[in-house]
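Below, chains carry the letters A, B, ... as their sequence lines are ordered, and counting in each starts from 1. Basis for what follows: all heavy atoms, side chains included, without hydrogens, waters or symmetry-related copies.
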There are 2 protein chains.
Amino acid sequence: MVKAMVFSHEIAPGQRVNIDALSLRLGVSQTPIREALARLESDGLIAKEPLKGYSATNLLTLKEFGDLFRFRLLIEPWAAEQAAKHIDAQGKAALKEEMQIAKEALKFDDNSKIEALTEHDARFHSLISHLSGNESLHQAFERMHCHLHLFRLFLANQRNLVSGEERPAFVSELFEQYYQSGSGQLAIKQHNEIYKAITGGDSKAAKQAMHDHIESSLKRFSPAAEAINDL
Amino acid sequence: MVKAMVFSHEIAPGQRVNIDALSLRLGVSQTPIREALARLESDGLIAKEPLKGYSATNLLTLKEFGDLFRFRLLIEPWAAEQAAKHIDAQGKAALKEEMQIAKEALKFDDNSKIEALTEHDARFHSLISHLSGNESLHQAFERMHCHLHLFRLFLANQRNLVSGEERPAFVSELFEQYYQSGSGQLAIKQHNEIYKAITGGDSKAAKQAMHDHIESSLKRFSPAAEAINDL
DNA sequence: AATGAGAAAATCCTATAGGATTAAAGCATA
DNA sequence: TATGCTTTAATCCTATAGGATTTTCTCATT
């Protein structure tokens, strides 16, 4: 559990992870480290090679990236549809609160804004998959989405590197495309459409809005996925 | 990994699992046991309560059972559709071989037949989710399906108890409904429909056949799910 | 200079022991 | 007889040490 944070980019993708070093660094013994690593292995976030050790999994390949979004298109519009059908007062409150957080986040400065919006997006979609009422779908979503989240955190992390460091040129271009062109506001706007449809009980609109949002999101991220794929 | 077999019903659902006992029983130390348990926890097959220990998760509740099938209806027909579109020679051979195994299994005597058909069903659906070409979907399927598989193994296991033992009356009834009424042959027949549609490249028919098959399967299992839910 | 063999270092894997927490059993008292 | 407390036992959790395998570095030979 604590290791999920460690993994969120203190260890570069593909890098081997040293158990002894981790245990010293975190001040705990090797056993709990191995447990956490085993859990992360089941989540597909690290890979284990017997007698060779653990290593962080690479970022999504271009194919995996496409697969993931195709899968989202399969389950999330349905989840939004179901959420609209079964929504109750408690669900409405939760959605409203999340939208409020997003609105506040738009006022932050660049770095904080990106981080906040990324976290908001993860929570928003997770919440809807939960509100679908289907536990199987929710679990599947959570396990799948962490890989996408990792990808986005990687992008944001790249940006935080000082310009002086050897930052690939494509990264700089990507930032303009994403973060400067008001895509944050666009995403929030689309979230708002979904939010209104769900709380309004309009299941058909909710399904459509979610579909459009994911397709839009795919278009925004595709150039980055291609660029990173070329490493 | 080895523990998945141990879990397949040497430990009753809901029962607490003793680490010391397992390490003695399997002749290995506690550390690898804890690793395996941590992995199984991520798979949702066992639950951990801090400072209290691990325990096997209960069987699917009626709601979870319904959720799972609704989720299958969401992803598997699409998987069959995609498999039909992308099928190649290697995929056809794999499907053909699996269907051949099923055909042979029908000749077994009752107990062996049930076991063989259960395993075939798991492999068949897993294979199609793989042939869909979508890695996200395949992974989601695998993680979800193990819970259903566990449920079916539980049923089959109950049957193997000698009649003399205290076996709930509903179980006896269920067996008639399922295994004596030729439902095994029905399932194989439906699998064959799917098989033909996919290898024939008829994506629309494959999607429809998979949909019908899962709905049929749900109807067959629902009484058992209800009965077990009432424990 | 390049390749191969050998040795040393690092790392993983397992086992055993001790401390801490929880559950249970036994006893006393109302 | 039932309830509450204390003691005992069981179990989990962590830490440390030793054996096994892999990797790397060095050195000698072609």
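Rounded to an integer number of Å, the gap from CG of A/Asp20 to P of C/dT14 is 15 Å. In this structure, CG of B/Asn18 is placed 9 Å from C1' of D/dA10, rounded to the nearest angstrom. Straight-line distance from the CG atom of B/Leu24 to the C1' atom of C/dT16: 12 Å, rounded to whole Å. Spacing between atom CD of B/Glu35 and atom P of C/dC13 amounts to 7 Å, rounded to whole angstrom units. What separates CG of A/Leu22 from P of D/dA15 is a distance of 14 Å, to the nearest Å. The CG atom of B/Leu37 sits 10 Å away from the P atom of D/dC13 (whole-angstrom rounding). Spacing between atom CD of B/Glu41 and atom P of D/dC12 amounts to 14 Å, rounded to whole angstrom units. A straight line from CD1 of A/Ile19 to P of D/dT16 spans 16 Å, rounded to a whole angstrom.
A ring-centre distance under 6.0 Å is not found for A/His120 and A/His125.
Remark on DNA chain D: of its neighbouring residues B/Arg16 and B/Thr31, the 5'-side contact belongs to B/Arg16, judged by nearest-heavy-atom nucleotide. Where B/Gln30 and A/Lys52 meet DNA chain C, the nucleotide closest to each residue was compared, and A/Lys52 sits on the side nearer the 5' end.
Not one N or O on the side chain of A/Ser126 forms a donor-acceptor pair closer than 3.5 Å with the backbone of A/Ala122.
When only modelled atom types and interatomic distance are considered, A/His191 and A/Asp121 share a side-chain donor-acceptor pair under 3.5 Å. A donor atom on one side chain and an acceptor atom on the other are found under 3.5 Å apart for A/Gln30 and A/Asp20.
The shortest distance between the side-chain N/O atoms of A/Ser29 and the OP1/OP2 oxygens of D/dT14 is not below 4.0 Å.
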